[in-house]
Amino acid sequence: MFAIVNISGKQYRVAKEDTLFIPYKAEAEEGDTLHFEEVLLISDEEDVKIGKPHVAGAHVAGEVIQHVRGDKIIVFKKKRRKRYKVKRGHRQRYTKIRISSLSAGE
């Protein structure tokens, strides 16, 4: 069984016991359970439900494992002959979750 879920504007294909990195959720602590209601598609072995735009009653639950930061990205701006240079770094924050249950609903 798998589902396609919209989380913070991005679509993820998830199955039970999958781990994935989603954009940082500040309100969630480690060990908390997050519920995602925007299920776009859910499929088991014999049936596929496609939402218009979401599948009614379906939801996905995931447990927060930890909050992590991604690799550093260097942003460098320069304008030639103007003595303008700016170098900045950025590390995106993510929440690592494990999918605990999928429910097709009715």
Side-chain angles (χ1 to χ4, degrees):
M1 181 176 216
F2 73 92
I4 296 178
V5 182
N6 185 11
I7 303 171
S8 298
K10 295 184 180 185
Q11 295 177 7
Y12 297 93
R13 182 188 187 273
V14 297
K16 190 171 180 178
E17 298 300 321
D18 280 354
T19 51
L20 60 129
F21 294 92
I22 62 170
Y24 181 67
K25 296 279 189 183
E27 67 274 1
E29 308 247 343
E30 292 183 13
D32 287 352
T33 301
L34 297 176
H35 297 281
F36 305 107
E37 306 293 331
E38 295 184 18
V39 179
L40 305 175
L41 179 140
I42 192 157
S43 172
D44 53 5
E45 288 74 28
E46 67 270 356
D47 190 26
V48 176
K49 292 182 184 177
I50 300 173
K52 297 178 184 175
H54 308 300
V55 178
H59 69 276
V60 174
E63 178 187 355
V64 175
I65 298 172
Q66 66 179 349
H67 297 291
V68 295
R69 295 174 73 186
D71 295 334
K72 182 173 269 194
I73 297 172
I74 303 297
V75 179
F76 184 74
K77 299 178 183 180
K78 181 180 179 182
K79 295 186 181 182
R80 62 185 192 153
R81 297 187 301 267
K82 303 296 181 194
R83 292 189 198 168
Y84 174 77
K85 293 190 288 188
V86 175
K87 181 179 178 182
R88 302 197 182 206
H90 174 73
R91 291 184 71 183
Q92 183 68 38
R93 299 167 77 181
Y94 294 102
T95 300
K96 184 177 180 181
I97 64 169
R98 180 182 302 116
I99 302 300
S100 57
S101 68
L102 302 169
S103 174
E106 291 300 322

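What you see is a predicted model; the values in this text were computed from it and never measured.
Closest heavy-atom contact between L40 and H54: CD2-ND1, 3.5 Å. In plain terms, the two heavy atoms of K16 and L102 that are nearest each other are N-CD1, 4.0 Å. Nearest heavy atom pair, residue T95 against residue P23, reads OG1-O, 4.2 Å. When every heavy atom of F21 is checked against every heavy atom of Y12, the shortest pair comes out as O-OH, 3.7 Å. Residue D32 comes nearest to E27 through the heavy atom pair OD2-O, 4.3 Å, listed as atom of the first residue, atom of the second, then distance. Closest non-hydrogen pair, V55 versus K49, comes out as CG2-O, 3.8 Å.
Heavy atoms of other residues, nucleotides or ligands lying less than 6.0 angstrom from CG of D47 number more than 12.
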Please walk me through it: do F36 and I97 pass side chain to side chain contact (heavy atoms under 4.5 Å, CB included)? CA-CA 12 Å; F36 305 107; I97 64 169; 3.8 Å; yes
Derivation of the side chain to side chain contact (heavy atoms under 4.5 Å, CB included) call for M1 and I42: CA-CA 8 Å; M1 181 176 216; I42 192 157; 4.0 Å; yes
Apply side chain to side chain contact (heavy atoms under 4.5 Å, CB included) to the pair L34 and I7, showing each step before the final yes or no. CA-CA 11 Å; L34 297 176; I7 303 171; over 6 Å; no
List the steps, then state whether side chain to side chain contact (heavy atoms under 4.5 Å, CB included) holds for E29 with V64. CA-CA 7 Å; E29 308 247 343; V64 175; over 6 Å; no
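Under the 3.5 Å distance criterion, the side-chain polar atoms of R93 are left unmatched by any main-chain donor or acceptor of R69. A donor-acceptor pair under 3.5 Å is formed between the side chain of H67 and the backbone N or O of A28. Remark: the backbone N or O of A61 is paired with a side-chain donor or acceptor of S100 at under 3.5 angstrom.
Expressed to the nearest 0.5 Å, how far CD of E37 lies from NE2 of H35 amounts to 8.0 Å. Atom CZ in R98 sits 6.0 Å away from atom CD in E63 (nearest 0.5 Å).
I99 is listed as a side-chain neighbour of L20, based on a closest heavy-atom distance under 4.5 Å.
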